[in-house]
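Per chain, numbering begins at 1; letters A, B, ... match sequence-line order.
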Protein chains: 2
Amino acid sequence: MAKAQKPTINDVARLSGVSKKTVSRVINKSPLLNQATREKVEAVIAQLDYVPNPQARALALRRNFLIGLIHDNPNAQMVLGVQEGILDTIRSTEFALVVRPVDRHSPTLLDDIHRFIEQQRLYGVMLLPPLSENDELARLCRDLGCTVVRMGSARLDDEAHLVASNDQEAVSDAVAWLAELGHTRIGFIAGPDGFRSARERELGFIAGMGRAGLTIDPALLARGNYQFESGHAAGQHLLGTATPPTAIFASNDEMAAGVLHAACERGLRVPHDLSIIGFDDTAIAAHIWPPLTTVRWPIRAMARTAALKLTRPETAARDAAFFPSELVRRASAVRAPG
Amino acid sequence: MAKAQKPTINDVARLSGVSKKTVSRVINKSPLLNQATREKVEAVIAQLDYVPNPQARALALRRNFLIGLIHDNPNAQMVLGVQEGILDTIRSTEFALVVRPVDRHSPTLLDDIHRFIEQQRLYGVMLLPPLSENDELARLCRDLGCTVVRMGSARLDDEAHLVASNDQEAVSDAVAWLAELGHTRIGFIAGPDGFRSARERELGFIAGMGRAGLTIDPALLARGNYQFESGHAAGQHLLGTATPPTAIFASNDEMAAGVLHAACERGLRVPHDLSIIGFDDTAIAAHIWPPLTTVRWPIRAMARTAALKLTRPETAARDAAFFPSELVRRASAVRAPG
DNA sequence: TTGTATGCGTTATCAG
DNA sequence: CTGATAACGCATACAA
């Protein structure tokens with residue numbers, strides 16, 4: 001099956017009776033070119049089904065057409081959504097997507113990434129949260145000569161190198177929704193200290209409570225680490241207080257699921273006795289019972305834009321950097337009891 | 001910060017007073033080489049912190065050191081696990097992982113993949129289910145000169161090009177477990193027609209029922225498409241029959257979650273009134289209430305081995321191709337009522 | 001507007 | 001065992 005040989009730029013040059021350089025010009029869309037010759041060459045290219053060899057280009061340009069995706073597994077859903085989004089925009093280009101899961105706690109993190117970028121001569125890299133909050137890492141990538149776009153939940157960088165969601169506003173809306181449903185005792189489970197997203201969601205909670213004219217009861221505040229077990233523990237704690245909340249906002253879905261388990265264990269019925277709202281709209285959210293009201297990032301669209309900023313900065317650098325999140329209203333949040 | 005210039009093979013050659021070719025020989029571990037010269041060159045390499053340029057190698061060898069991961073999103077968990085597994089084995093090599101999500105229903109699927117492999121000059125590709133069941137696709141990849149390893153739930157290929165889990169046995173064990181708990185009316189929700197994994201799990205169910213001395217009631221059989229909604233519908237159907245099952249095995253976790261919803265909607269208490277078992281151990285399984293008993297593939301280990309078979313076939317081709325799955329016993333399956 | 005000569009960093013060929 | 005020299009496929013400088 002394997003066809004004899006892939007056509008090279010030489011074949012195209014010979015068959016169209018011009019020099020390699022001319023062919024190279026039409027490939028790279030050089031402006032100074034006779035329209036006639038261009039069309040002639042393009043015809044031959046089409047006829048031969050010629051595709052320039054990226055490796056040769058990489059060598060000559062000293063730069064590869066590879067986009068790196070570096071992350072420390074925020075959650076599977078997000079990583080996959082990002083991959084799909086990036087692919088949406090580079091699918092029919094010469095770019096390819098190289099992935100690199102890492103451990104942000106590794107002492108050799110920076111070295112590893114340094115080596116990775118240098119070895120693969122990456123064109124650009126995309127950083128996912130919480131790695132994207134690491135300024136030192138971003139600087140390293142840039143020093144190595146590759147563009148960086150960061151994904152996050154706040155203004156981590158200038159608009160040309162950022163796609164962000166406004167977590168603060170989204171959480172504020174969620175809390176407002178709870179207030180609208182008649183809840184006044186609203187519990188909050190924060191994400192881990194040091195995470196920008198955790199901080200933003202916290203600020204959103206405060207803003208939302210203020211907006212609704214509600215006061216914040218410190219007894220109804222807890223902190224988790226974005227993992228199920230921590231949500232479970234925080235839920236047990238919050239529900240065990242003298243005057244427990246009628247609604248709990250957890251800073252991500254995993255912790256929200258933990259709260260749900262805690263409630264079930266206490267014999268509470270969700271949402272009848274307790275409303276719960278999460279954040280991220282992972283697969284968990286739609287599949288637990290009751291289906292979880294949560295906040296959704298337009299991840300795929302964000303990744304599409306990020307890939308544009310990475311591969312075609314001249315046209316996309318000024319594309320919107322901020323994407324509105326959306327409150328997905330499902331069954332886990334209802335009118336307050338009593 | 002960017003260091004002046006990366007050292008090339010020429011620098012190494014000059015500083016160690018040998019020819020480029022000799023340096024090339026030590027890099028590629030050529031057997032015919034004077035031990036003394038080898039050590040001398042290696043010293044210089046270490047001193048210069050020299051790393052061969054993969055693009056140049058790719059050009060000269062007409063083959064890139066890229067492993068492609070082609071999939072049609074079986075589930076986020078699996079894809080990510082596979083990526084991590086592959087990275088485990090290639091992390092400190094010159095290989096990189098490039099991913100390619102595709103749509104298996106696209107009419108241009110084969111063409112797209114053809115172009116992708118040819119353009120990137122992939123070294124090898126890994127195929128995930130259900131794409132891995134496509135023999136035509138596997139053949140295409142091989143014709144294009146790259147090794148293929150397929151991941152699946154049956155003997156899809158010879159052992160050098162396969163990592164597989166024995167779904168049949170795993171399901172059989174799960175059913176046996178249900179029987180042991182006293183269940184006799186066991187419902188089964190099959191996966192979509194045409195999926196190899198669905199077929200294997202079906203056979204496992206039949207075997208398990210036989211093993212337990214139970215007869216299969218056709219009224220307790222349903223079919224879904226591996227998605228939540230289909231599990232929901234199948235659950236409603238099964239639970240609505242005259243003599244409903246006391247336990248249901250769903251061929252994956254998403255459908256199992258659907259069954260759970262159906263049960264909750266009917267006011268059934270899980271697991272008290274109905275036991276449920278799923279398959280895959282996705283994030284959903286651990287996070288729904290009650291936690292779902294399910295079957296887990298050792299995905300990461302499988303991917304590690306797959307990457308070995310891909311990058312070092314001479315040493316790994318005969319590594320084990322079959323990996324035992326494990327029944328994860330959680331709270332959703334308990335003793336039969338009454 | 002187009003062509004010539006040369007370089008990119010590595011490996012293969014084939015002498016020595 | 002080792003080394004000149006020519007690929008590999010494309011891009012850049014500089015001419016023409």
Task: Residues forming a ring-ring contact (aromatic ring centres under 6.0 Å, His included) with B:Phe65, sequence neighbours excluded - done: B:Phe95, B:Tyr123
Task: Euclidean distance, atom CG of residue B:Asn64 to atom P of C:dG9 [Å, nearest integer] - done: 17 Å
- [ ] For B:Val79 and B:Pro74, work out which heavy atoms get closest and say how close.
- [x] CG2-CD, 3.6 Å
Task: Residue of the set A:Ser153, A:Ser197, A:Ser325 for which side-chain hydrogen bond (donor to acceptor under 3.5 Å, both in side chains) holds with A:Ser165 - done: A:Ser325
- [ ] Quick one: do A:Val18 and A:Arg25 satisfy side chain to side chain contact (heavy atoms under 4.5 Å, CB included)? Show the steps, please.
- [x] CA-CA 11 Å; A:Val18 301; A:Arg25 284 200 178 87; over 6 Å; no
Open item on the list: Less than 4.0 angstrom from a charged side-chain N to a carboxylate O is my criterion; do A:Asp11 and A:Arg14 meet it?
Closed with: yes
TODO: Please determine if a side-chain N or O atom of A:Thr22 lies less than 4.0 Å away from the OP1 or OP2 oxygen of C:dT2.
DONE: no
- [ ] For A:Asn34 and C:dT2, give me the distance from atom CG to atom P, rounded to whole Å.
- [x] 5 Å
- [ ] Locate the shortest heavy-atom distance separating A:Ala13 from A:Ser19; write the atom from each residue and the value.
- [x] CB-C, 3.9 Å
Open item on the list: Is the phosphate of D:dT2 approached by B:Ser19 (side-chain N or O, under 4.0 Å from OP1 or OP2)?
Closed with: no
Task: Partner of B:Asp157 by salt bridge (Lys or Arg N to Asp or Glu O under 4.0 Å), out of B:Arg150, B:Lys309, B:Arg196 - done: B:Arg150
Open item on the list: Across nucleotides 10-16 of chain C, 5' to 3', mark each nucleotide with B, S or - according to how protein heavy atoms within less than 4.0 Å reach it.
Closed with: BBB----
Open item on the list: Please report the distance, rounded to the nearest Å, between CG in B:Leu59 and P in D:dA6.
Closed with: 17 Å
TODO: Starting from the first five and the last five pairs of the helix from C:dT1-D:dA16 to C:dG16-D:dC1, work out the angle between the resulting helix axes, to 10 degrees.
DONE: 30°
Task: Residue from B:Ile70, B:Asn134, B:Asp72, B:Leu137 passing side-chain contact (heavy atoms from CB on, under 4.5 Å) with B:Arg104 - done: B:Asp72
